[in-house]
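Each chain gets a letter, A, B and so on, in the order the sequences are listed, and its residues count up from 1. Computed from heavy atoms alone, side chains included, the values below leave out hydrogens, waters and symmetry copies.
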Protein chains: 2
Amino acid sequence: MTDTERTAFEVVRRREAGKDGGEPDGGLFAIEESLGYLMNYAARAFSRELSPRLAAHGARMGQWAVLMFLWAQDGQTQRELSREVAIEDATMVRTLDRMERDGLVRRERNPRDRRQINIFLTEKGWALRDTLVPEAIEGNRSASRRLSEDERRQLLDLLGRVIGALEEQPRG
Amino acid sequence: MTDTERTAFEVVRRREAGKDGGEPDGGLFAIEESLGYLMNYAARAFSRELSPRLAAHGARMGQWAVLMFLWAQDGQTQRELSREVAIEDATMVRTLDRMERDGLVRRERNPRDRRQINIFLTEKGWALRDTLVPEAIEGNRSASRRLSEDERRQLLDLLGRVIGALEEQPRG
DNA sequence: AGCTAACAATTAGCATACTTATTACTGGTT
DNA sequence: AACCAGTAATAAGTATGCTAATTGTTAGCT
């Protein structure tokens with residue numbers, strides 16, 4: 001019954017303690033070695049932290065990244081946005097549908113190339129900047145609460161290099 | 001047009017280079033400071049790497065974690081599994097539905113407490129261990145390709161501490 | 001001009017995550 | 001025994017991600 005309080009992370013810790021040596025790869029796959037698993041776990045934990053903060057102002061997680069890039073440069077095409085945010089075009093379409101529904105952005109067909117659609121922030125979309133940014137800062141602060149400034153920087157650097165390694169993959 | 005090749009990660013790099021100083025928090029929220037954004041990005045990049053590897057053997061990402069914990073201890077209840085994997089009960093239900101559909105696990109109502117359901121691996125579920133584990137190892141190797149062994153260990157450690165910080169949150 | 005290849009957005013279908021509400025069951029209290 | 005609070009699983013609805021296929025548009029070639 002006390003077992004129900006256990007999380008994967010604690011399991012990781014337990015295994016690390018009770019590890020009874022052996023071949024590095026040949027035996028049981030060690031979950032504490034799984035970078036992918038931990039990254040996914042950390043990302044979800046962070047999402048659980050930030051999500052309600054954004055929701056309090058009527059924004060969702062998936063909209064946050066799009067907003068950041070639009071604040072930096074308004075009027076980008078969907079394709080440009082999906083490349084920047086690094087999600088598929090099809091995913092961007094649905095995210096923008098919801099943002100349009102929520103009155104955060106406006107779609108405008110490009111008259112010079114009618115295949116393209118430029119996305120413009122509405123007043124409401126611009127206004128969210130002042131309320132959302134502090135929430136994100138607070139969320140990040142909470143996540144790095146146990147890290148020194150050096151460690152935080154190093155984590156960002158290491159994550160960046162992991163992303164770089166994964167993105168340059170041949171994909172053959 | 002060359003712009004369409006840009007990804008968020010490259011944008012991060014560009015901003016880092018051309019950063020024109022200022023207040024640490026008051027001005028434009030700097031995306032390169034966003035730990036949460038980078039963790040989410042890294043997790044998705046990893047998923048794009050591992051997902052097809054697992055799919056080649058008929059398994060999905062969400063099933064991978066469940067399988068790992070079942071291989072370590074077969075016959076756990078759904079509640080125990082969702083605590084370990086650190087996803088909600090409701091999410092576990094659907095993941096197990098798909099795993100049952102795919103013939104990887106079997107549900108068995110606990111006769112001593114009919115509220116509980118114990119999950120048992122099928123032969124097919126057990127067999128996947130030998131094929132899936134090498135794929136996961138290869139995926140992890142690919143993700144940490146550009147890191148030294150020390151750096152890899154440190155990344156795991158830092159992620160663990162971020163998770164710890166986020167999970168002990170008051171949640172009031 | 002007409003054909004074709006590439007491109008931008010979309011649709012459709014699936015997987016995985018969340019929250020909230022419901023159902024079935026258990027165990028303890030009266 | 002009857003009741004009630006808590007527990008385990010599920011259902012319902014939404015968000016976000018993916019792939020594959022489709023639609024409309026553009027631009028380049030013949």
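The shortest distance between the side-chain N/O atoms of B/R94 and the OP1/OP2 oxygens of C/dA17 is not below 4.0 Å. Under 4.0 angstrom from either OP1 or OP2 of C/dT16 there lies no side-chain N or O belonging to B/T91. Of the side-chain N and O atoms in B/R107, none sit less than 4.0 angstrom from OP1 or OP2 of D/dA8. For C/dA15, the OP1/OP2 oxygens have a side-chain nitrogen or oxygen of B/R101 closer than 4.0 Å.
Ion pairing of A/R44 with A/E49 is absent here, as no side-chain N (NZ or NE/NH1/NH2) approaches a carboxylate O to less than 4.0 Å. Note on A/R141 versus A/E138: salt bridge recorded, some NZ/NE/NH1/NH2 to OD/OE distance being below 4.0 Å. Between B/E151 and B/R153 there is no salt bridge, since no side-chain N of the basic residue sits under 4.0 Å from a carboxylate O of the acidic one. A salt bridge links B/R161 with B/D157; the closest basic N to acidic carboxylate O contact falls under 4.0 Å. We find that A/R48 and B/E88 are not joined by a salt bridge, their nearest charged nitrogen and carboxylate oxygen being 4.0 Å or further apart.
Nucleic acid contact for A/M61: sugar-phosphate only, since backbone atoms but no base atoms lie under 4.0 Å from a heavy atom of the residue. In this structure, A/T77 reaches the sugar-phosphate backbone alone: every heavy-atom distance under 4.0 Å involves primed, P, OP1 or OP2 atoms, never a base.
If you check C/dA17, D/dA11, C/dA12 against the side chain of B/A90, the one that comes closest is D/dA11. Listed candidates were C/dA8, D/dA8, C/dT10. Nearest to the side chain of A/Q116 is C/dA8. Relative to the side chain of A/Q78, the nucleotides C/dA8, C/dT10, D/dC18 differ in distance, and C/dT10 lies closest. The side chain of B/R79 approaches D/dA8 more closely than any other nucleotide in the set C/dT10, D/dT16, D/dA8.
One can place CZ of B/R60 at 17 Å from P of C/dG13, the figure rounded to the nearest angstrom. What separates CD1 of A/I87 from C1' of C/dA15 is a distance of 16 Å, to the nearest Å. For the pair A/M92 CE and C/dC7 C1', the computed distance is 17 Å after rounding to whole Å. A/E108 places its CD atom 18 Å from the P atom of C/dA8, with the value rounded to the nearest Å. In this structure, the CZ atom of A/R48 is 16 Å from the P atom of C/dT16, given to the nearest Å. Rounded to whole Å, the distance from CG on B/L67 to P on C/dA15 is 15 Å. Here D/dT16 presents its P atom at 12 Å from CG of A/L50, a figure rounded to the nearest Å. Put simply, CZ on A/F46 is 15 Å from P on D/dT16, counting in whole angstrom units.
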Give each protein N/O atom lying under 3.5 Å from an N/O atom of nucleotides 21-28 of chain C, with the pair distance.
from	atom 1	to	atom 2	distance (Å)
C/dT26	OP1	B/R114	N	3.1

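When the side-chain contact (heavy atoms from CB on, under 4.5 Å) test is applied to A/A90, no partner is found at least two apart in sequence or on another chain.
Within a 6.0 Å sphere centred on CD of A/E149, heavy atoms belonging to other residues, nucleotides or ligands number more than 12.
With DNA chain C read from its 5' end, the first of the two nearest nucleotides for A/N118 and A/R44 is the one closest to A/N118. Toward the 5' end of DNA chain D, the nearer of the two residues A/D102 and B/I117, judged by each one's closest nucleotide, is B/I117.
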Item to check | Derivation and outcome, salt bridge (charged side-chain N to carboxylate O under 4.0 Å, His left out), residues A/D97 and A/R107 | outcome: CA-CA 9 Å; A/D97 286 347; A/R107 276 179 161 108; 3.0 Å; yes

